[in-house]
Amino acid sequence: MNSYFHLEGFAAQRERMVRTQLADRGIRDGRVLAAMHEVPRHEFVPEPLQNDAYEDHPLPIGAGQTISQPYIVALMLQHLDLQATDRILEVGTGSGYVAALLSRMCAEVFSIERHAELAGAAEARLKRMGYSNVKIAVGDGSRGWSEYARYDAILVSAATSEMPPALFAQLREGGRMVVPVGSFLSQELQLIRKVSGQVVAELLEGCRFVPLVEGAVESG
């Protein structure tokens, strides 16, 4: 009985999150709203923080990383203009929450995480929850995942001082990338398009992400 009402509580919180934090603030992409209404965000945060999972702020997930504010996640997804047939690369798997959203919106999701412990936990979580079209690797996100390039879209969930050239090279012509660019204190979310092989950048809005760090971190 208590478990039932607990789940109902999370469902109500998720519905309210989508309505007040996303739709009321200008998120109009129906596929983004549907994915964020469906995916149980509380399953992707540490258990002691689950009651805060649907609040309007980021939360720590371990290894110095965070799960991003719901609005920022939705904004990034909306600007990528994702299609059901897309192949997408995510840089920064974290808890696996964004990969789960992407799996509901795209055909194939490839996600790279530098912390082996987070990658392993996210992979197990996504498999347990039935998100079967996601592949996860441990590695240096700034180098991308060339084996499965080229990508229709790339989502970077960590801030970089400049757009990593390796990621741009792995975009197909006409592809899109959303990436936070700047220092720890001042970052701008950018939409990057590949047009005739060249960078076309659009500034979206200010943001705050953990830094994109080169190299991988093994468990232990």
Side-chain angles (χ1 to χ4, degrees), residues 29 32 35-36 44 58 61 63-83 86-103 105-106 108-115 118-119 122 134-172 174-195 198-217:
D29 188 321
V32 173
M36 295 192 73
F44 294 86
I61 57 171
Q65 306 300 298
T66 60
I67 182 172
S68 297
Q69 174 193 16
Y71 171 74
I72 288 294
V73 172
L75 184 71
M76 295 172 81
L77 294 176
Q78 178 166 273
H79 279 293
L80 283 175
D81 190 24
L82 297 168
Q83 306 301 311
D86 279 351
R87 167 181 291 196
I88 184 166
L89 174 67
E90 178 194 22
V91 176
T93 312
S95 68
Y97 175 64
V98 175
L101 296 170
L102 292 169
S103 80
M105 300 179 67
C106 304
E108 297 178 280
V109 181
F110 301 89
S111 187
I112 189 163
E113 170 60 51
R114 69 183 297 263
H115 293 277
L118 289 180
V134 180
K135 292 184 185 294
I136 294 176
V138 177
D140 183 342
S142 67
R143 297 178 180 271
W145 196 346
S146 60
E147 180 181 355
Y148 296 101
R150 300 179 179 234
Y151 300 101
D152 298 290
I154 297 177
L155 186 153
V156 184
S157 297
T160 178
S161 59
E162 59 182 13
M163 181 195 64
L167 296 183
F168 186 73
Q170 291 173 30
L171 272 181
R172 69 162 174 81
R176 300 88 60 202
M177 174 174 13
V178 170
V179 54
V181 178
S183 66
F184 179 75
L185 296 176
S186 177
Q187 300 167 12
E188 287 277 350
L189 202 61
Q190 295 188 10
L191 173 63
I192 307 290
R193 297 183 183 274
K194 181 179 276 191
V195 180
Q198 302 300 308
V199 174
V200 176
E202 177 185 348
L203 298 182
L204 301 178
E205 64 177 70
C207 59
R208 177 67 66 85
F209 282 81
V210 296
L212 179 64
V213 179
E214 294 182 1
V217 180

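- Rounding to the nearest 0.5 angstrom, the gap separating the CG atom in L89 from the CG atom in L155 is 9.0 Å.
- Heavy atoms only, all atoms of each residue included: F44 and S95 are closest at O-CB, 3.0 Å.
- Remark: Q190 engages no residue in a side chain to side chain donor-acceptor pair (under 3.5 Å) (not counting sequence neighbours).
- Annotation: side chain to side chain contact (heavy atoms under 4.5 Å, CB included) contacts of A35 (sequence neighbours excluded): L101, R104, M105.
- By the ring-ring contact (aromatic ring centres under 6.0 Å, His included) test, Y71 is found to be paired with no residue, residues two or more places apart in sequence or in another chain being considered.
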For this session: Go through the steps for R193 and D81 under the test salt bridge (Lys or Arg N to Asp or Glu O under 4.0 Å), then give the verdict.
Result: CA-CA 12 Å; R193 297 183 183 274; D81 190 24; 6.0 Å; no

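- Taking the side chain as every heavy atom from C-beta outward, D152 and L80 never approach each other to under 4.5 Å.
- Residues forming a side chain to side chain contact (heavy atoms under 4.5 Å, CB included) with D29 (at least two apart in sequence, or on another chain): R31, V32, Q78.
- M76 CE to L191 CG: the interatomic distance, rounded to the nearest 0.5 Å, is 10.5 Å.
- Listed by chain and residue number, E113, I136, V138 satisfy the side chain to side chain contact (heavy atoms under 4.5 Å, CB included) test with A119 (two or more places apart in sequence, or in another chain).
- A distance of 11.0 Å separates CZ in R143 from CG in L167, rounded to the nearest 0.5 Å.
- In this structure, V134 and S103 approach most closely via the heavy-atom pair CG2-CB, 3.6 Å.
- Between the side chain of Q170 and the backbone N or O of W145, at least one donor-acceptor pair lies under 3.5 Å.
- When every heavy atom of R150 is checked against every heavy atom of L171, the shortest pair comes out as NH1-O, 3.5 Å.
- In this structure, I112 and G141 approach most closely via the heavy-atom pair CG2-CA, 3.9 Å.
- A search for side chain to side chain contact (heavy atoms under 4.5 Å, CB included) contacts involving A63 returns Q65, H115, L118, not counting sequence neighbours.
- Taking CE from M163 and OG from S142, the interatomic distance works out to 12.5 Å, rounded to the nearest 0.5 Å.
- Considering all non-hydrogen atoms of both residues, I192 and A201 come closest at CD1-CB, 3.6 Å.
- No side-chain donor-acceptor contact under 3.5 Å links Y97 to the backbone of S68.
- T93 and S111 get closest at one heavy-atom pair: OG1-OG, 2.6 Å.
- Using a 4.0 Å cut-off between charged nitrogen and carboxylate oxygen, R114 and D140 do not count as a salt-bridge pair.
- Atom CZ in R176 sits 14.5 Å away from atom OH in Y151 (nearest 0.5 Å).
- Atom NZ of K135 is separated from atom OH of Y148 by 4.5 Å, given to the nearest 0.5 angstrom.
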